[in-house]
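Notes follow once the structure below has been shown.
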Amino acid sequence: MTKRVVVFIGQINQDYTSEMAGAVVDTARELGYAVDVFSEFGSYGQNYLHAEGERNIIHLPFLEDYDGVIIGPDTFGVPEMEKQLDILLLQKAQTKPIVSLRQEKDCFYSVQINNYLAMRRLTEHFVKDHGYRRICFMKGRADLKDAEERLQGYLDVMNEYGLAVTEHMLFQGNYWRDRGKEAVDWFLSGPEMPEAIICANDFMAISVLVALKERNLRVPEDVALAGFDDLEEIRYLEPAITSIHMPCYEMGRQALYLIDKLNHGGKSKQIIQLPADFIRRKSCGCKVTEHGHWAEQLYSQRNYLSTAILQNGFLNADYESCDTIEELFNVAYQYSGNFVYDEMFVCLCESTDDSEDRLLQPQQYTEYMVLRAIMKKGEGIQVTQERFARRELLPEKYRQASEPLYFYPMHHKNRCLGYLALKTKKTQGLKEFFNCWTAELCSCLDKVLLYEENKTLQEFRLLSTIDELTGLYNRRKFEQELSKMLVAIKGKNTSFYVYSLDMDGLKTINDTYGHMEGDVALCAFGNVITEATKDGGVCFRVGGDEFMILAYAEGENGAGMIARRIEEGIEAFNQKTDKPYKLAGSIGYSTYKKGEEISNCIRRADVNMYADKMAKKQGRK
């Protein structure tokens, strides 16, 4: 029986992720393993529900069916994905060999480089070979051990050479490209001009290079620069950036060798460290000759992006004109020629009706899936309807043990639609247009599925932002307003409250006095919360008896004031009405903490609401 290994690695169209995954696939053929790779596209924009949909991919495979697991924790572009995957693996795959690439994990094996020694070597090059003394350092993510090791390598070299590291020589980065300007401002505001800046990874180094150029500072003549990871992108820049090259291909090979060794009863130390190469380029001041073929690759990349942008505009217009799944898939196939694949399978959930789900309950993959389309590059498309058990991932007749399969999530916001299964010999061919192609396909597929289920009702729901019964805003408007508020508080010393409310006893009213009276009670509850928020706050009905409120923060007293007004409003209604029932509600609220996942804030409000519900039930006993 063929052994199987599962790989979780993010944004596999990137050079280094593609290299690691490719190494696993090559080694799997050598050792006789079948490989399933699960990836994601990253989280972009302000809609927090998109991240929910992307994270769902980790729940697709049945982990007990595999003989080993390989993960790339630092490759995920989706918040909380790494943490949730760790928990899932500890729950369902603890008896399997699990190997982490590039990052140490206490409970798993890992294949990585010696970050400390690599950074020592880079820093010593700046000190010994170039004579730099005022060397600033942009740190990586504070929660990652590799960032800590790289920082320590820098600090130890500076200390050994008697070079002071002052407050304005260190800046807390985040391993991404959005803090370069802030970092350079901090370094330049120190008492002395920096001679050099070392960044804990290349993404930050790129942003620092851009920020230095904006200030008319030359690299390396005015300030030298180096990064870490050796991304392909840094070779295109002027000047090209000095960096530490990660042996990504060898990491992937060693990860599978380790799993195979453990499966055959062998033993291994928990951490395997590989040597890293130091790549000198012009940014540090070295006199090196850059190879001209990088210019050709840059031209090719720019040409590809220009074409992709143009094609994406046409794609969106063509998708929007589709009224059926068949039309949609045919358009998708026509545009799939813009990226590289051999065969692609569109697998949809058997049921996509989530109308009864709570706002933040992400839909999972269904027990049985339906294969709806098979696309073969250059050969055509077959629209089909084959039902199969999700555990198979793909009907057996389409699988070959020697061919790896790559799986990507299909979702609209957090509505799980299914997944794509691809056969491809070149994952780097899944460039930016593949991301756009999939996102646009999912958005239109969501609409077409709803259109097919109930054309009139679903068109109304898509177009309207008003709840017809209560006159409050609906769930769609809640998502829109939440996104606006997240943008509005950026860079400001303010936040907002999220309230979760249930109108209690609706089922009893419906069962005893009829649904018309239940509608009257819902409207009355809506009027109460609207009156309570008249001085600030927006109300939404997001489900049957479920309501939400958003209000800008004025301290915890402000949050409690709205809750008290609602309680007082309910009490006033009950005192003056002659209804045979009492209006009742449960309320919970939470303050959004800057930088956290918004779904965490909403969950806290939900938890507090249910606590209030239980307390009131206990009080009535």
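Everything numeric here is computed off the predicted structure, so don't read it as measured data.
Summarising the local packing, NZ of Lys96 is surrounded by more than 12 heavy atoms from other residues, nucleotides or ligands at distances under 6.0 Å.
Each of Glu597, Glu40, Glu82 was checked for a salt bridge (charged side-chain N to carboxylate O under 4.0 Å, His left out) with Arg55, and the lone residue meeting it is Glu597. Shown are Glu52, Glu479, His50; of these, the side chain to side chain donor-acceptor pair (under 3.5 Å) with Lys413 is made only by Glu479.
Glu182 places no side-chain N or O within donor-acceptor distance of the main-chain N or O of Gly173, the cut-off being under 3.5 Å. For the pair Thr424 (side chain) and Asp342 (backbone), a donor-acceptor distance under 3.5 Å is absent. Here the side chain of Arg281 pairs a donor or acceptor atom with the backbone of Ile241 at under 3.5 angstrom.
Side-chain polar atoms of His245 and Asp277 form no donor-acceptor pair below 3.5 angstrom.
Rounded to the nearest 0.5 angstrom, Trp176 CH2 and Ile206 CD1 are separated by 8.5 Å.
Aromatic ring orientation, His130 versus His125: perpendicular (interplanar angle above 60°, classes split at 30° and 60°). Taking the six-membered ring where the residue is Trp, Trp186 and His168 present parallel rings, their angle staying beneath 30° rather than reaching 60°.
Between Tyr341 and Phe339, the ring centre distance stays below 6.0 Å. Residues Phe434 and Tyr408 place their aromatic rings such that the two centres sit under 6.0 Å apart.
The two residues Arg235 and Ala240 come nearest to each other via the heavy atoms O-CB, 4.0 Å.
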